[in-house]
K.L.:
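This is the structure, below, for whatever I ask next.
All values below come from the heavy atoms of this structure, side chains included, with hydrogens, waters and symmetry mates left out.
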Amino acid sequence: MRKIIDNQRGAFVVIFAVALLVLLGFVAIGIDAGRWYLVRAELAKGVDSASLAGAKNISNPYVTPTTIAEEFGRANFEAGYVGTPQSGAGTVRFTATMVESDKISVTGNVDATATIARIFGFDRIPVVASGVAQKKEVEIMMILDRSGSMSGSKMTALKNAAKGFLDFFADTQDRDKVGLVSFATSVTLNRALGTNFVNPMRTAIDAMSAVGGTNMESALDRADGTGGFTDQTGIPGDRRVQQFAVFFSDGQPTCFGGTFRNRGNVFDAAVCTSDNCRSWETCNLYRDLCRLDREEWRGIDPIPTGHGLNSNCCRGWNCWNPTTKWYIFETRPVGTYAPEYCNIPSNLFNGPNGYVCRAARELALQHAQELKDKGIRIYTIGLGSSSQIDAAYLRSLSSGDGFAYIAPTSADLEAIFNRIARDIKLRLVY
């Protein structure tokens, strides 16, 4: 009996040893598998950053994108990181290749070292990660101020800077799309958004001349109209074209567009202040709406009253109070006065907080937000001193930090336009 018991004890020792060995194997696998998973995750991050960096520089004439990609990979996953070999066999290595003209592929290889698993003969486990990044096409609408204050050296500097901006996209103009909206009192679509734009856009920019007010709101609205940005409603994010507006001005909004009526006919026109909305001057619009000479200058049909109601409220050339020629009074009331009211007090139009100046600012912000809500990024560039431009207002029109720039002098314009061009070219999606 004792011999049988002794034999059973010996068998138990053997079984226990085998079970312990198996248990240790699972523990080793668990510990090392966690380490290998960490290595794989960190290597994937390095591959992602490498492919993005390479794709960002596909059109950069000064660097080789594959070289940049491999350098970024090594910078994000150095030799010896998370216990990988410091040198020799199994050291991390990144290989970048161009898949297509606008796409780059990066593969990372490294050996993950074993700890407990070494007792089972596993010293290292090869780990691989791959990633692909692509430079997507872009749509850019340039929205440029050609108001009267831009005459002379300012306009020359703007033209040179804007044409230099186009040169950054000359190598991709068969795929990218660029258009031009210019604005003063009136707004013009100088060139609809399209490819092969460099030479036509240069011609359109050179043809701009400075005259009139600053109708920012109509310009922003026009950029999203016919010939403007492509409607991407319902398009998945990974298939959307990146869209940018580059908005330039040397002043503050002094005009806005409205719908007018004249003897039953409806037409659109812009109304501007004559004082640039400065606090020490008053808005003279209220004296212009019924003066034949001023209305013709503003592009408004100079037939008195226009609404077909009581013509006695505005007679001849001596009208000092505005009549309700605008449909816009119905959607943007002047105080508590009804749209049909004949003599709206002139003080409601005065100064920077008067009707026209306030409406011009608010409508421009509204149209800018409409663009941003559609995923369009807005860069703003202001030219001039704090007394000439409102830097905070231009920033509110933009897409936020990193999208608003101020050029104190004309000499600073070219550098800012170039910086924005580079920034756009480096923005990517997978």
K.L.:
So do the side chains of I376 and M141 get within less than 4.5 Å of each other, counting heavy atoms only?
P.N.:
no

K.L.:
Please identify each residue that fulfils side chain to side chain contact (heavy atoms under 4.5 Å, CB included) with A210, with sequence neighbours left out.
P.N.:
M150, S151, M155

K.L.:
Restricting to salt bridge (charged side-chain N to carboxylate O under 4.0 Å, His left out), what partner residues turn up for D111, sequence neighbours left out?
P.N.:
none

K.L.:
Could you check whether atom NZ of K163 has more than 12 heavy atoms from other residues, nucleotides or ligands sitting under 6.0 Å from it?
P.N.:
yes

K.L.:
Which residues pass the ring pair (Phe, Tyr, Trp, His ring centres under 6.0 Å) test with F72, sequence neighbours left out?
P.N.:
none

K.L.:
Is any side-chain heavy atom of Y405 less than 4.5 Å from a side-chain heavy atom of D412?
P.N.:
no

K.L.:
Run the salt bridge (charged side-chain N to carboxylate O under 4.0 Å, His left out) test against D167 and tell me which residues pass, sequence neighbours left out.
P.N.:
R202

K.L.:
What pair of heavy atoms forms the shortest contact from V110 to L43, and how long is it?
P.N.:
CG1-CD2, 4.0 Å

K.L.:
Please enumerate all residues that pass side chain to side chain contact (heavy atoms under 4.5 Å, CB included) together with S209, with sequence neighbours excluded.
P.N.:
none

K.L.:
Enumerate the residue pairs fulfilling salt bridge (Lys or Arg N to Asp or Glu O under 4.0 Å) with a member in residues 211-234, sequence neighbours excluded, ordered by first and then second residue.
P.N.:
D224-K374

K.L.:
Counting C-beta onward and ignoring hydrogens, is there a side-chain heavy-atom pair between D250 and L158 closer than 4.5 Å?
P.N.:
no

K.L.:
With heavy-atom distances below 4.5 Å as the criterion, would you say the side chains of Y393 and R361 are in contact?
P.N.:
yes

K.L.:
F417 and M142: side-chain contact (heavy atoms from CB on, under 4.5 Å), yes or no, with the steps?
P.N.:
CA-CA 11 Å; F417 270 91; M142 303 182 76; 4.0 Å; yes

K.L.:
Flag the pair F403 / I378 as yes when at least one side-chain heavy-atom distance between them is below 4.5 Å, and no otherwise.
P.N.:
no

K.L.:
Between Q173 (side chain only) and V198 (backbone N and O only), is there a donor and an acceptor less than 3.5 Å apart?
P.N.:
yes

K.L.:
For residues 75-86, which residue pairs pass the side chain to side chain donor-acceptor pair (under 3.5 Å) check, not counting sequence neighbours?
P.N.:
E42-Y81, S49-N76

K.L.:
Evaluate the side-chain proximity of L144 to V181: yes if any heavy-atom separation is below 4.5 Å, no if none is.
P.N.:
no

K.L.:
Could you tell me which residues satisfy side-chain hydrogen bond (donor to acceptor under 3.5 Å, both in side chains) with T195, sequence neighbours excluded, listed by chain and number?
P.N.:
none

K.L.:
If you count every heavy atom of other residues, nucleotides or ligands that lies below 6.0 Å from K154 atom NZ, does the total exceed 12?
P.N.:
yes

K.L.:
Please identify each residue that fulfils side chain to side chain contact (heavy atoms under 4.5 Å, CB included) with R74, with sequence neighbours left out.
P.N.:
E70, E71, F94

K.L.:
Please answer whether the main-chain N or O of Q232 pairs with a side-chain N or O of R240 as donor and acceptor at a distance below 3.5 Å.
P.N.:
yes

K.L.:
Please check if the side chain of Q388 supplies one atom and the backbone of S385 the other of a donor-acceptor pair under 3.5 Å.
P.N.:
yes

K.L.:
Sequence neighbours excluded, which residues qualify as side-chain hydrogen bond (donor to acceptor under 3.5 Å, both in side chains) partners of N196?
P.N.:
none

K.L.:
Looking at residues at least two apart in the chain, or sitting in another chain, which of them share a side-chain hydrogen bond (donor to acceptor under 3.5 Å, both in side chains) with T226?
P.N.:
none

K.L.:
Are F183 and F247 an aromatic pair, judged by ring center distance below 6.0 Å?
P.N.:
yes

K.L.:
Kindly indicate whether the side chain of I389, heavy atoms from C-beta on, has any atom under 4.5 Å from the side chain of S249.
P.N.:
no

K.L.:
Please identify each residue that fulfils side-chain hydrogen bond (donor to acceptor under 3.5 Å, both in side chains) with T230, with sequence neighbours left out.
P.N.:
E139

K.L.:
Could you tell me whether R93 atom CZ has more than 12 heavy atoms of other residues or ligands within 6.0 Å of it?
P.N.:
yes

K.L.:
Under a plain distance cut-off of 3.5 Å, with no hydrogens placed, do T188 and N190 share a side-chain donor-acceptor pair?
P.N.:
no

K.L.:
Taking the side chain as every heavy atom from C-beta outward, state whether M201 and F169 have any atom pair closer than 4.5 Å.
P.N.:
no

K.L.:
Hey, is the main chain of L394 close enough, under 3.5 Å, to the side chain of T380 for a donor-acceptor pair?
P.N.:
yes

